[in-house]
Amino acid sequence: MDLDGKIARVKELIAKREELDTELNELLGGAARERRGPKCSIRNETGHRATTCPTKSSAALTA
Ligand SMILES: [Zn+2]
């Protein structure tokens, strides 16, 4: 299998995995994802992501 073939196969498998993840989440009511929840990597806080971190946004406002 050449490189292009491998890349195409990888994309195919990733798309299939996303399809499976979506269906599993629907079947489980998103419980698995909700339990883990979003986690902020800036201050190790749960409930939000680093991209939506209030610390980060307030710092951006004062900067
Ligand atoms: Zn945060």
Side-chain angles (χ1 to χ4, degrees):
M1 189 184 278
D2 63 11
L3 188 59
D4 282 350
K6 279 186 184 175
I7 290 171
R9 181 66 179 148
V10 165
K11 283 180 179 172
E12 194 182 310
L13 288 172
I14 288 172
K16 199 169 282 187
R17 189 175 64 182
E18 281 172 1
E19 217 170 273
L20 286 172
D21 279 350
T22 302
E23 189 169 349
L24 282 170
N25 276 330
E26 278 169 16
L27 287 171
L28 300 172
R33 184 171 287 184
E34 271 175 35
R35 211 186 309 141
R36 223 183 318 142
K39 189 166 178 205
C40 173
S41 59
I42 295 175
R43 297 179 62 182
N44 266 350
E45 300 159 322
T46 53
H48 63 268
R49 299 200 155 276
T51 49
T52 58
C53 185
T55 306
K56 190 185 165 194
S57 58
S58 63
L61 283 172
T62 55

Task: Separation between CD1 of Ile7 and CG of Leu3, rounded to the nearest 0.5 Å - done: 4.0 Å
TODO: For Glu18, enumerate each residue passing the salt bridge (charged side-chain N to carboxylate O under 4.0 Å, His left out) test, keeping only those at least two apart in sequence or located in another chain.
DONE: none
Task: Contacts of Arg49 that satisfy salt bridge (charged side-chain N to carboxylate O under 4.0 Å, His left out) - sequence neighbours left out - done: none
Task: Other ILVMFWY residues reachable from Met1 by side-chain steps of under 4.5 Å - done: none
Pair up each side-chain donor or acceptor in residues 10-17 with any protein partner under 3.5 Å, not counting sequence neighbours, and list the distances.
from, atom 1, to, atom 2, distance (Å)
Glu12, OE2, Arg9, NH1, 2.8

Task: Shortest non-hydrogen contact from Ile42 toward Cys53 - done: CD1-CB, 3.9 Å
